[in-house]
Amino acid sequence: MNATFKQYTPAELFINMEMPDTLEADGSAELTTNGFRTTGCAFLDAFVQNLHQHGAHTGHYHAQLLGIKTNDLFTTILVLTGMNYTEFTESYLLLMVNELLKHKKRDHQQIARRLGFGSYSGFYRFMIRKGMGKPSWR
C-alpha cells in the first residue's frame, strides 16, 4: 500500500556534516546549520537532529531522547519514511560516513566517535557489514 503523503529517505534529508554548501548549488532550499533538510514534521526533524548529533545508538536511546516509547519511535519512523528504524538509521549513518571520510584531517578513531560508535572496532565491523570495505579516505 502506498502512502498518500510524502515519505522521506535519508538521502533527501542529509546535507553535509561540516558546511551545508550543497544547498547553494542546487538552490532547492534555504541554507541550514543543522546538517539536514527540515521536513516541517517536528517529530522527524527532532529525530534526525538527534541521529545527526548522537549517531549510532539503539532505538531505546533515541526514543528516550524524544521522550517516547521505543515501539512508538519504530512505528513512526516506518510511517514517515517507509523504512524500518534500522534501515533508516544505517542509511543515514552511511551518508555521514561518506562525508566524514572525505576529510583527511580526521583519523578513523575520531570518525568512529563522531558517529556514536563505542570503539573503532565497532565502526570497522559496521563498514564491513555494510559492504563498504575497510574504512579508508574517499
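These values consider heavy atoms only, across backbone and side chains, with no hydrogens, waters or symmetry-generated copies.
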Inset, instruction - Evaluate side-chain contact (heavy atoms from CB on, under 4.5 Å) for Phe47 paired with Tyr92, printing each intermediate quantity in order. - result: CA-CA 12 Å; Phe47 171 70; Tyr92 196 89; over 6 Å; no

Legend entry - side-chain contact (heavy atoms from CB on, under 4.5 Å) evaluation trace for Leu101 with Val97: CA-CA 6 Å; Leu101 288 176; Val97 165; 3.6 Å; yes

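For Phe43, the ring-ring contact (aromatic ring centres under 6.0 Å, His included) criterion is met by no residue, not counting sequence neighbours. With sequence neighbours excluded, the residues satisfying side-chain hydrogen bond (donor to acceptor under 3.5 Å, both in side chains) with Arg125 are Ser121. Here Tyr8 pairs with nothing under the ring-ring contact (aromatic ring centres under 6.0 Å, His included) rule; sequence neighbours left out. In terms of the ring-ring contact (aromatic ring centres under 6.0 Å, His included) criterion, residue partners of His54 (sequence neighbours excluded) are, by chain and number, Tyr61. For Glu12, the salt bridge (Lys or Arg N to Asp or Glu O under 4.0 Å) test picks out Lys6, with sequence neighbours left out.
Proximity of a side-chain donor or acceptor of Glu99 to a complementary backbone N or O of Met96 within less than 3.5 Å is not detected. Checked by atom type and distance alone, the side chain of Thr38 never pairs as donor or acceptor with a backbone atom of Gly40 at under 3.5 Å.
Tracing side-chain contacts under 4.5 Å through hydrophobic residues (I, L, V, M, F, W, Y), one never reaches Leu51 starting from Leu65; they form parts of separate clusters. Follow the hydrophobic side-chain contacts under 4.5 Å out from Phe74 and you reach Leu93 in the same cluster. By the criterion of side-chain heavy atoms lying less than 4.5 angstrom apart, applied directly or through intervening Ile, Leu, Val, Met, Phe, Trp or Tyr residues, Tyr120 is grouped together with Ile111 in one hydrophobic cluster. Leu115 and Phe126 fall within a single hydrophobic cluster, where Ile, Leu, Val, Met, Phe, Trp and Tyr side chains are chained together by heavy-atom contacts under 4.5 Å.
Just one residue in the list Ile68, Leu73, Thr89, Ile77 forms a side chain to side chain contact (heavy atoms under 4.5 Å, CB included) with His62, and that residue is Leu73. Only one option out of Thr76, Val79, Leu80 pairs with Leu44 in a side chain to side chain contact (heavy atoms under 4.5 Å, CB included); it is Leu80. Each of Leu78, Leu13, Thr9 was evaluated against Phe88; a single residue qualifies, Leu13, per the side chain to side chain contact (heavy atoms under 4.5 Å, CB included) test.
Of the inter-residue distances, the one linking Asp45 atom CG with Arg37 atom CZ reads 13.0 Å to the nearest 0.5 angstrom. Taking CE from Met127 and CG from Leu94, the interatomic distance works out to 7.5 Å, rounded to the nearest 0.5 Å.
Between Ser91 and Met83, the shortest heavy-atom contact is OG-CE, 3.6 Å.
At least one side-chain heavy atom of His60 sits under 4.5 Å from a side-chain heavy atom of Thr70.
Within the structure, salt bridge (charged side-chain N to carboxylate O under 4.0 Å, His left out) contacts touching residues 78-95 (residues at least two apart or in different chains) are Glu90-Lys130.
Using the six-membered ring where Trp is involved, His108 and Phe123 have ring planes that are tilted, between 30° and 60° apart.
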